[in-house]
Amino acid sequence: MVSIVRPAMLRQTCFAAASKRTFSTKLSSSFPTNTKPAASILLRPVVRNTFVKDALPCAVRVAAFHASGRRAILPPLPQVIDGTANDPAPVPPANPSHGSYHWTFERLVSAGLIPLTIAPFAAGSLNPTMDAILCATILIHSHIGFESIVIDYIPTKRLPKTRVLFWWGLRLATVMVGVGLYEFETNDVGVTEAIKRIWHA
């Protein structure tokens, strides 16, 4: 947002200052002395030249302000083209477990979080089974979300080793969070009671 507003504000400020200096009643060193009426002065091209001269340094400063060295954070990956430009894109084999079933399971988990989140607080009673189902659903929902991020932004074709690293890192993190939630549910007050205590603290 700042990068959009900043050039417009600088440009308006520069042109406002230039027009103020150009059409001011005071004489400046850049303005030629003339005893003719104001109408004839405004019709002469010297006023336009002065306006452009005054506005030019501001435009140059704005350009210099935005002209900075572009440095890539990461070097570009190797560009490899398999086949020719006329070859069709490879279509993966149809698999319902990775297609409609997977999509339906994701939607069911996301929709199931709504009643599972509201029920413990609306009922006013703590149920360890309900709390465990809530924790498991949150864990599965989070795992699916991060899995989609890895699939979208770390393609196997271009970054096979990085994909494997992130894939197993996600699985390890999911197992660790699951063990932590299990310990918190069995040896402590549980997620729902902890949220209630924090809310009323």
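Just so it is clear, the model here is predicted, and its values are computed rather than measured.
- For Val177 against Leu139, the heavy-atom pair with the smallest separation is CG1-CD1, 3.6 Å.
- Counting only heavy atoms from C-beta outward, the side chains of Val189 and Phe184 approach each other to under 4.5 Å.
- Across Met130 and Pro120, no two heavy atoms sit closer than the pair CG-CG, 4.0 Å.
- Atoms OG1 and CD1, on Thr162 and Ile154 in that order, are 6.5 Å from each other to the nearest 0.5 Å.
- Leu108 CG to Trp103 CH2: the interatomic distance, rounded to the nearest 0.5 Å, is 9.0 Å.
- Every residue two or more places apart in sequence or in another chain that forms a salt bridge (Lys or Arg N to Asp or Glu O under 4.0 Å) with Glu193 is listed here: Arg197.
- Considering CG of Leu170 and CG of Leu165, their distance stands at 11.5 Å, rounded to 0.5 Å.
- Other residues, nucleotides and ligands place no more than 12 heavy atoms under 6.0 Å from the CZ atom of Phe166.
- Closest non-hydrogen pair, Thr117 versus Leu134, comes out as OG1-CD1, 4.0 Å.
- In this structure, the side chain to side chain contact (heavy atoms under 4.5 Å, CB included) partners of Ser110, at least two apart in sequence or on a different chain, are His141.
- Under the 3.5 Å distance criterion, the side-chain polar atoms of Glu185 are left unmatched by any main-chain donor or acceptor of Pro128.
- Using a 4.5 Å cut-off between side-chain heavy atoms of Ile, Leu, Val, Met, Phe, Trp and Tyr, with links allowed through other members, Ile133 and Leu113 fall into the same hydrophobic cluster.
- Tested against Glu147, the residues Ile149, Ile151, Val150 include a single side chain to side chain contact (heavy atoms under 4.5 Å, CB included) partner, Ile151.
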message: Applying side-chain contact (heavy atoms from CB on, under 4.5 Å) to Ile144 and Phe105, what does each step give before you reach the verdict?
response: CA-CA 10 Å; Ile144 291 174; Phe105 178 71; 3.8 Å; yes
Steps toward side-chain contact (heavy atoms from CB on, under 4.5 Å) verdict (Trp168, Leu172): CA-CA 6 Å; Trp168 283 103; Leu172 179 62; over 6 Å; no
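- Of the possible donor and acceptor atoms, one in the side chain of Asp131 sits under 3.5 Å from a partner among the backbone N and O of Val191.
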